[in-house]
Amino acid sequence: MHKRILCIDDDPDVLELLKLILVDEGYDVFCTTSPINIFELIQEFKPDLILLDINLGQYNGLEICKTMRSYIRTGEIAILIISSDEAIENAVEDFGATDIILKPFDSKLLIDKINKYLSPTSS
């Protein structure tokens, strides 16, 4: 079974690029521009990893990450914050993110970081 990645970013172009890269690597990918129903989406899609932007319109990806860390169902999912926002520097320490990826991102670095958390030894 393929590993599943949920991508949440308010920029459809970024989502399209992420989907192209990740599907090409053999991942099952679901993309959304809004985190409104994130917990229902997680329950249905059952992602192994989440790529989460910080600036999501009226929503803050860092706060969403922190909230997900407090729930049993989502507490163990790898969450990579992917953003150009300088607040990303605090994502791991203050909000519980697994790792960060700065935008604009290099596709090899993106894949390397994802593979680091989705390799058979890390699950």
Side-chain angles (χ1 to χ4, degrees):
M1 187 155 128
H2 291 118
K3 296 282 188 170
R4 297 166 165 245
I5 300 176
L6 174 60
C7 302
I8 307 166
D9 196 303
D10 63 340
D11 184 337
D13 293 334
V14 170
L15 290 176
E16 188 65 31
L17 180 59
L18 287 170
K19 189 165 191 168
L20 284 169
I21 294 168
L22 298 174
V23 168
D24 192 51
E25 288 292 315
Y27 291 110
D28 287 338
V29 181
F30 187 89
C31 297
T32 182
T33 56
S34 172
I36 290 176
N37 298 316
I38 190 165
F39 290 99
E40 291 89 344
L41 193 55
I42 289 169
Q43 194 169 351
E44 289 172 25
F45 185 63
K46 297 180 179 30
D48 298 291
L49 184 140
I50 297 171
L51 289 174
L52 181 62
D53 189 14
I54 292 177
N55 300 305
L56 297 165
Q58 63 193 40
Y59 300 97
N60 180 316
L62 293 174
E63 292 300 330
I64 292 167
C65 178
K66 191 173 187 176
T67 301
M68 282 194 282
R69 284 291 174 240
S70 67
Y71 290 101
I72 291 172
R73 284 189 181 157
T74 55
E76 297 301 314
I77 300 172
I79 302 171
L80 305 187
I81 300 293
I82 181 166
S83 182
S84 58
D85 191 304
E86 61 189 36
I88 197 170
E89 298 301 328
N90 303 319
V92 174
E93 190 174 320
D94 296 344
F95 296 92
T98 307
D99 208 335
I100 60 172
I101 298 170
L102 291 168
K103 287 181 185 174
F105 57 87
D106 173 76
S107 59
K108 182 177 179 345
L109 174 72
L110 174 77
I111 294 304
D112 287 348
K113 284 209 178 192
I114 288 171
N115 287 341
K116 175 181 175 182
Y117 298 106
L118 292 184
S119 67
T121 54
S122 69
S123 48

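For the single chain, residues carry numbers from 1 onward in sequence order. The analysis underlying the following values was restricted to heavy atoms, covering all of them including side chains, and did not include hydrogens, waters or symmetry mates.
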- Message: Pair L118, Y27 - check side-chain contact (heavy atoms from CB on, under 4.5 Å), show working.
- Response: CA-CA 10 Å; L118 292 184; Y27 291 110; 3.5 Å; yes
Of all the heavy-atom pairs spanning [X] and [Y], show the shortest one and how long it is.
X	Y	value
L62	F95	O-CD2, 3.3 Å
A91	I81	CB-CG1, 3.8 Å
G96	C65	C-SG, 3.9 Å

- Item | Results of side chain to side chain contact (heavy atoms under 4.5 Å, CB included) for L17 - residues two or more places apart only | I21, F105
- Using modelled atom types only, decide if a donor and an acceptor are shared between the side chain of D106 and the backbone of L109 within a distance under 3.5 Å. yes
- Message: Please check this pair: side chain of K19 against backbone of C31, looking for a donor-acceptor N/O pair closer than 3.5 Å.
- Response: no
- Less than 4.0 Å between a side-chain N and a carboxylate O, is that true for D48 and R4? no
- Message: Between D112 and K116, does any NZ, NE, NH1 or NH2 come within less than 4.0 Å of an OD or OE carboxylate oxygen?
- Response: no
According to a hydrophobic-cluster definition based on side-chain heavy atoms being under 4.5 Å apart (Ile, Leu, Val, Met, Phe, Trp, Tyr only), do [X] and [Y] belong together?
X	Y	answer
I79	F45	yes
I5	L110	yes
I101	I88	no
V14	I54	no

- Message: So for atom CD, which belongs to E86, do other residues, nucleotides or ligands contribute more than 12 heavy atoms lying within a distance under 6.0 Å?
- Response: no
- Neighbour count >12 (heavy atoms, 6.0 Å) for atom CD, E63: yes
Indicate yes or no: at least one non-hydrogen side-chain atom of [X] is less than 4.5 angstrom from one of [Y].
X	Y	result
L22	L51	yes
I8	I38	yes
I77	M68	no
L52	I82	no
S34	L56	no

- Report the C-alpha distance between I100 and L80 in whole Å, list the side-chain angles of each, state the deciding distance to 0.1 Å, and finish with yes or no for side-chain contact (heavy atoms from CB on, under 4.5 Å). CA-CA 5 Å; I100 60 172; L80 305 187; over 6 Å; no
- Rounded to the nearest 0.5 Å, what separation is found between the CD1 atom of I36 and the CD atom of Q58? 6.5 Å
- Calculate, to the nearest 0.5 Å, the distance between atoms CZ and NZ belonging to R73 and K46 respectively. 8.5 Å
- For T32 and C7, run side-chain contact (heavy atoms from CB on, under 4.5 Å): C-alpha distance rounded to whole Å, both residues' side-chain angles, the deciding distance at 0.1 Å, then the answer. CA-CA 6 Å; T32 182; C7 302; over 6 Å; no
- Contact list for residues 51-73, test ring pair (Phe, Tyr, Trp, His ring centres under 6.0 Å), sequence neighbours left out: F39-Y71
- Of all pairs that satisfy salt bridge (Lys or Arg N to Asp or Glu O under 4.0 Å), the ones with a partner from residues 6-16, not counting sequence neighbours: D9-K103
- Task: Dump the intermediate steps for side-chain contact (heavy atoms from CB on, under 4.5 Å) on I50 and I42, then the final yes or no.
- Result: CA-CA 9 Å; I50 297 171; I42 289 169; 3.8 Å; yes
- Message: Using the side-chain contact (heavy atoms from CB on, under 4.5 Å) definition, which of the options T98, L6, I114 pairs with L49?
- Response: I114
